[in-house]
Amino acid sequence: MQHDKVLILDFGSQYTQLIARRVRELNIYSEIHPFNKIPTNFQEYKAVILSGSPFSVRGEQALHPDLTNIRGEKPLLAVCYGAQYLAHFSGGEVAPSNTREYGRAKLAFIKENEAFFKDINVGSQVWMSHSDTIKTLPTNGVLIASTHDVTNAAYRIEGEDTYAIQFHPEVYHSTDGKQLLENFLVEIAGLNQDWTPDSFVEETVAAIQEKVGNDKVVLGLSGGVDSTVAAVLLNKAIGKNLYCIFVNNGLLRKNEFESVLNQYEGMGLNVKGVDASQRFMDALAGIEDPELKRKAIGNAFIEVFDDEAHKLTDVKWLAQGTIYPDVIESVSATGGPSATIKSHHNVGGLPDFMKLKIVEPLRAIFKDEVRRVGATLGIDPELLGRHPFPGPGLGIRILGDITAEKVRILQEVDAIFINGLKEWGLYDKVWQAGAMLLPVNSVGVMGDERTYEKCVALRAVESTDGMTADWVNLPYEFLQKTSNDIINKVKGVNRVVYDISSKPPATIEWE
Ligand SMILES: Nc1ncnc2c1ncn2[C@@H]1O[C@H](COP(=O)(O)OP(=O)(O)OP(=O)(O)O)[C@@H](O)[C@H]1O
Ligand SMILES: O=c1[nH]c(=O)c2[nH+]cn([C@@H]3O[C@H](COP(=O)(O)O)[C@@H](O)[C@H]3O)c2[nH]1
Ligand SMILES: NC(=O)CC[C@H](N)C(=O)O
Ligand SMILES: [Mg+2]
């Protein structure tokens, strides 16, 4: 079954992913594409949303795509920069506002009988984040809402399904934001709300069967949520033709290789554990730069998969548990205006020599959606509740070069922290937690002796999808106990700090 889908054109706003999520929460499928790369299957999208942007419409670097083939052709919703640019493009005027507006505002005027504002009333709170303002509406523009400070807070274009808003409906602080998106997508654009986890499973299984047919597939299985859900989906689709490979890269958590392999027993998956720790350690020797480390790890993974694929005859596909944020963060919204933050190890693409085609059934969905799909597939809730753990593992939590001794230290520290969270009933309250080994020695005194040893940082965050995150307010008693345990039990560490930075700007992993 084909679902109605929404095209979100990204101008680089930090909130673009949130727009996609809000739309999907309405059970409508949405995709983000860079503003300057309209997909060739444009006709298949039922509605278009223009995102906000860090740029100014008036600036030299302004992003000015041609909207002629979009405006009036498809239902269009323009948000913030999108609304400003739509005005600018269509005969209106944008100017700097007297004060930069950031934060909450209330709708003070709403035009009557507008389907766009169905079930939304004067007084509704909206979230503003802009320093430009729409001074004059575009040709045929009709004012449909204002706040106390912003007259042109929402407008539409007469005779078209074109709507524009200065505020951000995708941000939770816009209390009726979801209703507004629903009004636009369902009332005005007439999209169906039928994209659900059940339908996702059914269609993905069918799509995999059609794509890979009778071919053999190898899958990188990590013990994490994403690859496990991908494996179960593929297993449902192609059964015995799926060969799962779990690589010990020497950068896993303490005892994780063995315990994960045990955990998969009884799930009906065909899993092989491959110990390649030495290969990774050799590849990483002496490398300090985070991006070079990531690349070295990514390459070593590829070599191991290639070797393993050669041991089986006739393998044509490599499957991975890549999810949407991996894709977005690695390739700057697929070549778009946002910056590359870090190269995720699994998104670089495969070298030509491998001749394997890629199958990534979760490539278009977010983490919480992956968990919902996993639940629909009947996967153990404990497994689905596992914190994310990056493919490069402890390799990107040991700042600077990696040695076997540093890995050992960090494994011990991490185990104390994570087991502590479980014992204290805090594990499920935290989205992700881990420890970083800093390239810093500091002075301590232990048993009247001077020590000069390593410092570790603990990090625990709340998040929904890893795109934004906030540090967790863990109880002092817990931090105190954990710090004591680490310093007393892990040789080589004499100082523990707790990371109290949110993302943005501080990413979850330190490298
Ligand atoms: N040790 C590993 N062995 C084999 N494949 C791996 C390993 N680590 C990562 N991968 C591959 O890289 C992909 C991306 O890793 P990532 O950590 O983002 O996902 P995950 O491990 O499946 O889930 P989670 O985010 O919950 O940790 C995985 O889905 C898997 O295909
Ligand atoms: O499979 C992965 N390969 C990688 O290279 C990688 N880098 C970061 N992460 C995970 O992604 C989420 C966001 O991480 P950052 O805030 O550090 O960018 C967090 O959940 C990170 O653990 C990775 N996962
Ligand atoms: N959030 C946005 O899209 C902001 C748009 C533009 N950069 C402004 O400051 O007005
Ligand atoms: Mg993982």
| Test item: Asn152 side-chain N/O and Ile134 main-chain N/O as donor-acceptor pair under 3.5 Å | yes

| Does the distance from a Lys or Arg side-chain N to an Asp or Glu carboxylate O, for Arg156 and Glu158, drop under 4.0 Å? | yes

| task | May I ask you to check whether Thr68 and Asp66 show a side-chain donor-acceptor distance below 3.5 Å? | result | yes

| Which residues share a side-chain hydrogen bond (donor to acceptor under 3.5 Å, both in side chains) with Glu182, sequence neighbours left out | none

| Arg371 vs Glu369 side-chain heavy atoms within contact, under 4.5 Å | no

| query | Strictly by modelled atom types, are Tyr45 and Glu31 linked by a side-chain donor-acceptor pair under 3.5 Å? | reply | yes

| So, does Tyr243 use its side chain to make a donor-acceptor pair with the main chain of Leu312 at under 3.5 Å? | no

| Are any side-chain N or O atoms of Lys46 and backbone N or O atoms of Ala189, one a donor and one an acceptor, separated by less than 3.5 Å? | no

| What residues form a side-chain hydrogen bond (donor to acceptor under 3.5 Å, both in side chains) with Gln263, not counting sequence neighbours? | none

| field | Side chain to side chain, Met128 and Asp149, heavy atoms closer than 4.5 Å | value | no

| message | Please check: side-chain N/O of His387 versus main-chain N/O of Ala433, any donor-acceptor pairing under 3.5 Å? | response | yes

| task | Report the C-alpha separation of Arg459 and Trp510 in whole Å, then their side-chain angles, then the decisive distance to 0.1 Å, and conclude whether the side chain to side chain contact (heavy atoms under 4.5 Å, CB included) test is met. | result | CA-CA 10 Å; Arg459 182 132 171 83; Trp510 280 36; 3.8 Å; yes

| query | Is the cationic atom of Arg24 (NZ for Lys, CZ for Arg) positioned less than 6.0 Å from the six-membered ring centroid of Phe366 and within 45 degrees of its normal? | reply | no

| request: Please assess His168 against Tyr15 for the test ring-ring contact (aromatic ring centres under 6.0 Å, His included), listing each intermediate value before the final yes or no. | output: CA-CA 8 Å; His168 290 269; Tyr15 299 135; 5.1 Å; yes

| message | Under a plain distance cut-off of 3.5 Å, with no hydrogens placed, do Asn192 and His3 share a side-chain donor-acceptor pair? | response | no

| request: Compare all side-chain heavy atoms of Gln17 with those of Ile32 and state whether any distance is below 4.5 angstrom. | output: yes

| field | Donor-acceptor contact below 3.5 Å, side chain Gln125 vs main chain Thr175 | value | no

| query | Who passes side-chain hydrogen bond (donor to acceptor under 3.5 Å, both in side chains) against Trp471, sequence neighbours left out? | reply | none

| message | I'd like to know if the side chain of Ser463 reaches the main chain of Ala469, judged simply by a donor and an acceptor atom lying under 3.5 Å from each other, with no hydrogens or angles considered. | response | no

| message | Could you check whether any side-chain heavy atom of Glu462 comes within less than 4.5 Å of a side-chain heavy atom of Lys429, counting everything from C-beta outward? | response | no

| query | Are side-chain heavy atoms of Val472 and Leu426 found at a separation under 4.5 Å? | reply | no

| field | Backbone N/O of Lys135 and side chain of Thr133: donor-acceptor pair under 3.5 Å | value | no

| request: Flag yes if more than 12 heavy atoms outside Asn41 fall under 6.0 Å of its CG atom; otherwise flag no. | output: yes

| Any side-chain heavy-atom pair from Tyr324 and Ile365 closer than 4.5 angstrom? | no

| Lys74 charged N/C atom sitting above Phe42 aromatic ring, 6.0 Å / 45° | yes

| said: I'd like to know whether NZ of Lys216 has more than 12 heavy-atom contacts from other residues, nucleotides or ligands below 6.0 angstrom. | reply: yes

| Donor-acceptor contact below 3.5 Å, side chain Gln193 vs main chain Asn27 | no

| task | Answer yes or no: is there a donor N or O on one side and an acceptor on the other, between the side chain of Arg71 and the main chain of Leu76, under 3.5 Å? | result | no

| said: Can you tell me how the ring of Phe89 sits relative to the ring of Tyr85, calling it parallel under 30°, perpendicular over 60° and tilted otherwise? | reply: tilted

| request: Indicate whether the side chain of Ser227 and that of Ser222 have a donor and an acceptor atom separated by less than 3.5 Å. | output: yes

| query | Around atom NZ of Lys5, are there more than 12 heavy atoms of other residues, nucleotides or ligands at under 6.0 Å? | reply | yes

| If you measure only the distance, is there a donor-acceptor pair under 3.5 Å linking the side chains of Asn299 and Glu303? | no

| request: Mind telling me whether Phe116 and Tyr163 have parallel, tilted or perpendicular rings, with 30° and 60° as the class edges? | output: parallel

| Has Glu202 got more than 12 heavy atoms of other residues, nucleotides or ligands less than 6.0 Å from its CD? | no

| query | Are Leu9 and Leu7 close enough that some pair of their side-chain heavy atoms sits under 4.5 Å apart? | reply | yes

| message | Strictly distance-based, threshold 3.5 Å: is any side-chain N or O of Thr16 a donor or acceptor partner for the main-chain N or O of Gly12? | response | no

